[in-house]
Each structure stands twice: as C-alpha cells, then as structure tokens.
Amino acid sequence: MFAGAPQYLISGLTVGATYGLTALGFTMIFNTTGIINFAQGEFVMLGGMLAVVLQKAGAPLPVAIMLAVAVTALVGCLIERGVIRPVGRTAPVNLVIITIGISILLRGAVMLIWGKDTFALPPFSGSAPLAILGAAVQPQSLWVLLITLLLLVALKLFFSRTIHGKAMLACACEQKAAALMGISVDRMAMLSFGLSGFLGAVGGAILTPITLTSYDVGVMLGLKGFAACILGGLGNPFGAAAGGLILGVLESFGAGFVSSAYKDAFAFIVLLALLFVKPTGLFGGPKSDRV
Amino acid sequence: MGLFRKNFGLLAFAAALGLAPLALPNDYYINVLILCCFNALIVMGLNLLMGYAGQVSLGHAAFFGLAAYTTAISTATLGLPIPVGMLAGVAVSAAVAWLLAVPTLKLHGNYLAMATLGFGIIVSIVFNEAVGLTGGPSGFVGIPRLKIAGFTFTSDKAYYFLSAAVLWVATLVSRRVIGSRTGRALRAIHVSESAAQAMGIDIARHKRFVFVLSAVYAGVAGTLYAHHLTFVAPSSFGFHFSVQLLTMVVLGGMASIWGAVAGAFFLTSLPEFLRMFEEVDILIYGGLLIACMMFMPSGLAGGAQAIARKLKAGVRRG
Amino acid sequence: MADLLEVRNVSVRFGGVQALSEAALTVRQGDITSLIGPNGAGKTTLLGVVSGAVTPTGGTVRLAGQDLSGLPIHLRAQAGVVRTFQNLEIFSNMTALENVMTGAHMKAGYSMLDSLLHTPRFTREEKRLRELAMEKLEFVGLAERRDALASDLPYGEQRLLELARAMASGPRLLLLDEPAAGMNNKETAGLGTIIRRIRDELHIGVALVEHDMELVMDISDRITVLHFGSVLAEGTPKEIQDNPDVVAAYLGED
Amino acid sequence: MMLRLLSVVAALVLCAGQSLAAEPIKIGAVVSVTGPASFLGEPEKNTLEMIRDELNAKGGLLGRPVELILYDDESDVNKAVLAAEKLIKKDQVAAVIGATTSGSTLAIMNKFPAAQVPLVSMSAAEKIVNPVNPWVFKVAPSDRHAVGRILKHAQAKGYKKIAILTVSDGFGQAGREVLKELVPAMGFTLTADEVYGPKDTDMTAQLTKLKDAAPDAIICWGTNPGPAVVARNRAQLGMKTPLYMSHGVASRKFIELAGESAEGLMLPAGHLIVASQLPDSQPQKVLLLAYTSQYKDKFKGDVSPFGGHGWDGLKLVAKAVETAGSDKPAAIRDALEKITAFPGIGGVFSFTDKDHNGLDANAFEMVVIQGGDWKILK
C-alpha cells in the first residue's frame, strides 16, 4: 500500500514546485504593493508559451528560455507602468478586478496569436528516468527543484544584500515611511511586477518540458499558486514556496491514497481545515491583511 | 408624495422590468433577460455580503449550484413536487451557508477569499465526481419545467415575468434589510469590526445572517435556473462563475443595490453585443473591465451618481 | 457612592512581555477617572481588558458588582461598557446621523420581520432612534453636520462623532481612549466641557486615557497612574501632582 | 409559438418562391470556438466554414447559396442554450449542427423537438441518440464501438485484467461508463479505475496505483493534452504494460506532445489518420485524403477527427437538403433519417429511424504508433 509513497512524494514535489514558483510571484507583488495579482498564472503561461514559440522559430533552447523570461519580466513592468500605476490608490477589490481583466487580455492575446493547441518543450538533459529511493524521476524534475531552490537563495540574497531588495522590503513594511526615506515606491512597485514576471516565466519555462503548456494553463496555476500563498501565510516568500510544495504533495498523496477523483478536493479540505485552526496560514504573522 | 419619492426607484424598476420585453427586437432576447435576472439575484445577495458587510466570497457559484442540483435531484430523481424541490434547494444552500459561516467568517481579507474559493472548488468537484447523483461532467438531464399550482411556465415570457417578479421582491427585501438596524450593523462591520462590537453588535451573528441571506438569494436563483434550463452541468457552477459574480458586484458598484442589478445586467448581456467582434471579443471584454475600474472606481452605480451630480451642478450653474 | 467599575489584580502577558501586572482601576458612578502614565505603561491594554478586547491572564473586572470576565465585547457593551478608540474607528461609509444611529443599535426594539414588513413598530422605533441620535449629535455640537458623510468631517469633529456614537448606546461606563489626540487647544477645551457635561448631566462614569495633562488635571475626579504595567499611584489630581513617585516617573521618562 | 414559427417558415418559403436564387439556405452551428473545449471547436469551425465555401463555390444547394450562422458557446452550457435559442428563434435556420461538447448538446437538444428543427450533434455521448429523439442526430462515433474495438484486440492478445484511467470531463465520463459496462461484460476483470483532471499535469500517482494492481493492459480515455502526459509518465515509470488510448487523441498533435513515449501505444481511430494506408477500394479514402490536404492548405495545421465531425455534419445536412429538395426543417429531418451508405470522415453513415448515429464498429480501425506515425494493426 505504501510502496508508492516515494513516487507520490517526488511527483508531488515537482508539481508543488510549480505552485511554489507561482506563489513566490504573488508574494513579490503583494509584499510591495498589497495587490493580489490574479494575472500571476498568466506570467507562468507566457514564460512557457514564449519559450515554445521561440524554440520553434529556431532559437536554441537556453536562448529561447532566457528571451521568454526577459520578455515576460518586461510585460510585468509594463503592466505596472501602464495600468496599475495610473489607477493609483483604489479599493483592493478594484485592483483584483483589474488584474482579472489583465489576465483575460493576456490569455486572449496569446490564444489569438498562437492558437489553442497544447505545446511541448524538450527536456534540458534527456528523458531517461533516474531511480531515487525506488521512485522513477525525470531529470527535468531535478532541474525544476534545483532551479526553484537557487531562486529562493537568490531572492534571500537580493532582499538581504542589495539596496533594491532592502528598499522593496521597506515598501512592504510601510509605504509612507519608505517614501520619506527617499525610496521611490512607484519604482519598487514596477520592480516587483518585473520580478514576479521573471519568477513566473522561469517557472513556466522549466516546467513546460514536464507539464506541457497552452494558452489557458495560467488559470489553474494562478489558483493553485494563490492557495499555496495562503497555505504558507501571505507575504512570506518561504511560506509561499513551502506552501506550494505542501499543496503539490497533498494532491499527489490524495490521488495515491485517497481517491484520484477527489484529490484536489482533498487538498482544499486540508487547506480549509488549516485556515480554521490557523487563520493566517502556516507561517503567516498574527496580523491579518486588509481586504 | 414623500412615500412616492422614497419608493420611486422601486416603482421605476418594476416598470422597467415589466416593459423590457416590449423593447426587444426578438423573442430570443427574452432568454438573455431571464439569465440577467438570475445573475442579478445572486449578485444582489453577494453585494449584501461583500459590498455592505465587507465579507468577500469567491464561492457563491457553489450555493447557486447546490440549490440547482438539489431541486434537480428532488424532482427528477426522487419525483417530489416541484415547489418542494425548490424549497429543498434553497434550504440546502442556506443550511450549508449556515454551517460554513461559523469557521469561515472568522477569517479576514485574502484568507477569507481563499476559504470561500476552496469551498467553491470542493463543491464543484463533488458535482463533477458524484456521477450517480449529479450525472457527472456531462450534466443532469430531465429536470421538469417549472409548474406551480397547475400552471406550467412553458413560454419563456411567462418565465421571464416570474423571474423578474422574484428579482423585484428580492430588491425590496434588500432595501429593507439595508434600511434597518441590521443594515447599519452590516455596514459598520465592513468598516470596523472592533467599533461595531463596541456598539454591542454581535458581529458573528450578523456575518452569519448576511452569509445565509446571500446564499438564499443564490439558492432561489439556482432553483429557478434549474427549472428553466431543465438541465444542469457542473461547469456552470465553478470557480469561473464565482469570479464572474465578483466582477459583476464590483463593476456594478459595491454597497449599491442598483449597482448589483446594473452590474449583472451589463456583464450578462455584454457578450451579446460583443459577438460582432468574433474572437477578439475576449480582448474587448478584458479591456472593458480594466477601463471601467480605471475610470469608474465606484462601479456603474458610482459612475451614474457622479454624472447625475455633474448634471445637477450644471443645471444650477446654468 | 458605589463603585461602578472595579478592576482588581489584572495581569496581561503578550508573548514574553508582561503588559499588566496586578493592575487595578476603580470608577465611581458619575465620576471621571483618568488613567495616565508614560507610553507603554499599559493604559490602552487596561481599557482593553475592561472592554473585553484583551483577555487577561488573571484578575477580575466587575461592573456594578456584575462579573464581566469571559463576556465577549458586544455583551459587555450591552451591559453598559462602551469605548471609543485611540485611532478613530468611525464608520466612514455612513453619514454622521447613521453613525450615531448605529451606536443606538441595542436600543432598537424591532425584529427583522418588522423591518421587512415596515410595521408601525419599525417606523416608530426608527423615528425614536433618529431622535435619540439627533439629541446626541446636538450634545456634542454636530447637529447641523448630520447628513455629512462621516469621512468628510474634519478630524476634530470625527472625534466628537465617535463620542456621540458611544453615548447613543446608553452606556453606564464610558471608556475614552485619548479623545483629545490630534485636537488643537480650542477643540480640546470644548471636549473637556462635553466630557464634564456627560458626567454632570447624564451621571455616566468615565474612564479617560489621555496625554494632555492640562485636560486631565482639569476634569478628572480621580487619577490612576500606571507605570510598567502596575499602579504607581491613585488619588485626586491634587494628590497625584504632589506625589514624588509620579513626578520621578514622569521626569525619568522624559 | 408553434403557429408563429410555422407561419414564419411559410412566409420564408413564399419569399423564397418569389426571389428564387437570392434567398440563402440558413444552417446554424453551435461550436465551442473558445474556452476549455476550443481545441475541439476550432477545427470544427474551420471545417464548417471551409465546407460552406466549397458548397457555395459549386453553386450552393438547390441553386441557393448556403449561409452558415455559427455561434461560439465559449464551452459554456448557458451560452450554448442561448445560441440554440437564437438560431431557432431569431435566425430561424433550417437545421443546426452542434454542439461541440456532450454537455452543451444535452443542454440544448430538448429545444429541437419543440421547435421542429433537426439538430446534428458533433459530440459523442450516447445519451444524445439513445433513446432516439426524432429531431436529434449525431455524427461523432459512439464510445461503445471504440471500446468494443479495443477489447476485441485485447481478447485476441489474451489479456485478462484491465485497468482504466479516464479524464473527469464529459468525454472521459462517457468513456468510463461504457468501459465499466463492457470490460466485465466481455469477460475481463476490471482491476483498477482511476481518474485525472482535465488540467492535471502529472499522472504518476494514478499510474503508480495502476501498476500496483498489475493489469495486463491499461485503457486511458481522454483528449489532449492529458493522455500525452499519461504516455510520458508511463515511460518515466518504466511501465511496460500495454496502453490503449481512446479515439480522442487520434491526431498528429498527440504524437508531437507525447514524443518518444507514444511509441507502441494502440488506439481505435477513425480512418482519417491512416487514410494513405487504406486500400483504394475503401469508400472513404478519396475524400479523407482530399480533406487532409484541403485543410492543411487552408489552415496550415493538421486535421483532427473533430474537424471531421464538422465535415460530416454539414455534408449530411447538405445531402439531406438536396434529396428533400427543400430547406424545410421537417423535410431535412426526414431526408436525414433516410441517408444510407454515405461516406464521410468519421465513417460510412447509414441512418434509420432507430439509429441516429449511423455508424458501427467499422468506423474504427485499430492503429499503433510506430516510428512517430500511425500504423493499422492487422
């Protein structure tokens, strides 16, 4: 019965890494601007789709991925500059609707340009599975976990060592005070959208060899990413990454041990139960955020 | 005179609902209007919850669906009379809301959004997977057309007038709830839970009340929907629809009953107008959402108010 | 005169911090008792214990002999303990009048059914509430601002509105948390008069937390001084001013 | 209502009589051009429009041009109902082709007897034509025939234990119901029954469970991209258990997505994908090849069996209009029911008053994927 456990764990971690990366993107923007960006899943989709399109157009895989990531980060910046900033101060729920509008636009544009089909990307280093603890692992899964880990370390360094990182943290704590200290809150907001586009796109590009991609994969990923954020405690980047991995493992164990039909329901029931006991997530602070 | 002025909005609304079918170029549009009424019902309840009491729900499609499936199963599978099925549908929605309210409404902001979202997804998974009960992903066939006291609502026009009447009554109820001390308590909770408590308001009870009330609105819409379409499928009650409902609330105008009606009618009929743009319609839809929120942050209701104020000022000046 | 509020041996811990230890506070019917002390002395925490927002680790809170321990905030309000807030908590989405009518929430004698059917009782009671609210607005001098949106009022008036709202709930004990914060001298003087009238005309007990010493010394009947979560001194304004411990504590702080 | 409709139809016919060639024959379509089912709806729409142009280029039907009124239901049953209403009441079409998904078809089909307009569905669910609704036809082949072909092959191979893995959408549900009925009925043991979500990206958990049940063969029922992920995960897990797919993945796209892991997979497919391997005597061969190249030229993409449903739907209606010599809905319906031995993309159709699908197990051919291409299994 438990023979499958290592396999479930590995596949859960791989899928969970997707959720975690999406959740990290959510956290970047939320921390700096207080916005829940419902277009976050679209960043992941863009990263994957652009990588596919560029690779099909003849670019070598690493170039295609780097370009895809750069373009998506740019799209993130443009969204902040073109839509979020002009809107200025408004009710958070209005910003939610605006980001929903953005996600519809991005999804629609990709659909119209590249169609409704699903696409694949070749894995980075072959597809011969490795055996780890009795589980068969795609080499790409290791890439995903490794890159996720690297990104986490890089983020940690960014926030603790660089002036921009520290400035973003300051915005997260107190916008007014940050502005008084001479930090441009607008620029930090733009940076956070760019960074979150970057994170999303990296996720999309490294996962597409495993999960395939199409214009509409962002909806589900956005949803799961948000769930991962909440599970880990909104605003905590490490909570977000951990939340993603936990959610992925829950689904996979749910499918393996409970019922594959109700695996998503199983994951959400656990999430709800957790929220009822701990209303601000696993690693969330005691303070609840604004609506 | 005072009474007339106070109720002018309701009277005008009744007239508009009653006369709307005459203005339609084609019978087909009656069906669009019926859907508008259903959505307006749910959105009005959701606006009581979100706009007035400030409690986000991203799972209201579930209450709509619970009622629709309950009346479907009661009437088609169990063979119960239609009014019994409909009552059961609304009761199930209300009961689930009542049970869910206690643990859920302790949460705030994004955590509350997540909890309601999760609830909605769990329910839609059950609709999808409990094939024996719900017919599964391809849907539940054979729900009888609405029949009350021997009168069958065969024509769409009759069904429209029934839905419009229900919507009108719901509007009246909403206005009266909002105009009472309960309404003030709900608005107080929206702004400051601690101040509301300090005024002796039992916030848990009030939150539960408005949550259940909004579920009842969604439930009524769900039962009407099931007996109109005579078919229900899980895809109508998913996350996507919950988000649409939220959009209708915000676009119409938070904390405005007329805004709820305007938002639901506008967004439900919008695709009909966008059809001429074919596939590009999705871009226009997304763009419109953004533009509305940028230029009318208080929604259609707020926008209309601003225009009215400007006109008034203009008249005075002129 | 009988003690309206009796707080005995109240202790509160937040994580590792002892916010209150064995604190006490007494407010008599128709008296103004001020609670002073340096920042972080635990004044707001003590008000919180009385209003029910803070759960103490020990001690008792009695209102006219009735033990309030364990009662949630809204039930304490119904028992007659009503507070205002250090950071204004007015209902910004309502008019001034509606704010005060919300304060009178508990006074309304009609059911949901009455409001749905607009029964004579509903109409009568709503009229009574409106009159009651107007009376309170007049009391604080905001009668002509009744239809203004609360968020449109200037800061000082919002403070007064909060006071009117608290009074509309018919309190026996009013807890005022820095009501003069952010007011200019003239406004503060006006506030002092209103608080005095609350005592003299309505015979409501008032517990006041305030940094403006002039106001405190001017209107208080008694003063309790908190220092690091404990009571340092208790007495009339005169006694407190002459208390060397208090002087030392305040000088040491500054 | 009925009277009005009839009078309108009568008026139209009168009009048509007066201004002969000018009056177009209106044919409606409800297609999921956008939304989750758009990968089915898009080729359907493309094909429908292509066939319309082809018909009109040849002078239309009965000397009148064909007008195709196509509405997108956005993969949403409510929108499908609105679209059907609009076609019946506003556009007053002679016949309707659609909907793309079983859910949408089931939602709209009860409107057609009342309106007395024939509906030709492009979705697979058996409930659409069983029991027979006189006004409703379907061109998509039944899962029963596809499952039948798989199980016959499995019998020949001597397999005993079968595990199934189905997608939790309309397509998968329909397949799962038939599988759960036929697998035991044809003498196999059903050792495991797992499902996956249409948007799932990892099925190793399900496959690991199936592996534990040690079946002789696995049958996976879904449409792209899920089965491609199943194929990849099977390769990842190093599973050698034979894997059958459904006819839902019988398009080049599947091989592209599954890559090397598609090698050796078997499925029942319509003749479309193996057209060039068919003997010349096969009645469909010529038109299958023509459709494939025509579609490729026009849309720069590969044909799929779903696009073929559009071909079959419109060509069958066109045939019915011609044999009836009229665009009256009732006449079209009667003519449809009498069509026999009509070669289409999905198979050779023969309708009767008891069979509104008109296809049998011969619509399918068992194929295997070898060297990145389809091979007919003997």
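Residue numbers start from 1 in every chain, and the chains themselves are labelled A, B, ... in the order their sequence lines are given, proteins ahead of strands. Every value quoted in this text rests on a predicted model; they were computed, and no experiment measured them. For the numbers below, each heavy atom of this structure counts, side chains included, while hydrogens, waters and symmetry mates do not.
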I want to check something: taking the side chain as every heavy atom from C-beta on, are [X] and [Y] in contact at a cut-off of under 4.5 Å?
X: A:Thr14; Y: A:Gln140; result: no
X: D:Ile218; Y: D:Tyr244; result: no
X: D:Ser246; Y: D:Cys220; result: no

Can you tell me which portion of [X] sits under 4.5 Å from chain D's heavy atoms? Options are side chain, backbone, both or neither.
X: A:Phe253; answer: neither
X: A:Val137; answer: backbone
X: A:Pro209; answer: backbone

Any donor-acceptor pair under 3.5 Å from A:Asn37 side chain to A:Phe26 backbone |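 Not confirmed, A:Asn37 side chain does not pair with A:Phe26 backbone.
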Among [options], who wins on heavy-atom pairs under 4.5 Å with chain A?
options: D:Met203, D:Lys211, D:Glu42; result: D:Glu42
options: D:Thr208, D:Leu165, D:Asn233, D:Thr34; result: D:Thr208
options: D:Leu257, D:Thr166, D:Asp202; result: D:Leu257

Evaluate whether atom CD1 of A:Ile113 has more than 12 neighbouring non-hydrogen atoms of other residues, nucleotides or ligands under 6.0 angstrom away.
->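 Count over threshold, so yes.
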Salt-bridge contact [X]-[Y] (side-chain N to carboxylate O under 4.0 Å):
X: A:Lys56; Y: D:Glu256; result: yes
X: D:Arg232; Y: D:Glu260; result: no
X: A:Lys224; Y: A:Asp264; result: yes
X: D:Lys298; Y: D:Asp53; result: yes
X: D:Glu74; Y: D:Lys79; result: yes

Which bit of [X] is near chain A, if near means a heavy-atom gap under 4.5 Å: side chain, backbone, both or neither?
X: D:Glu194; answer: both
X: D:Lys253; answer: side chain
X: D:Ala235; answer: backbone
X: D:Ser38; answer: both
X: D:Val167; answer: neither

Who wins among [options] for the most heavy-atom pairs under 4.5 Å with chain D?
options: A:Leu130, A:Asp216, A:Asp117; answer: A:Asp117
options: A:Ala131, A:Ala120, A:Ser214; answer: A:Ala120
options: A:Met111, A:Gln7, A:Lys116, A:Glu251; answer: A:Lys116
options: A:Ile10, A:Val15, A:Leu212; answer: A:Leu212

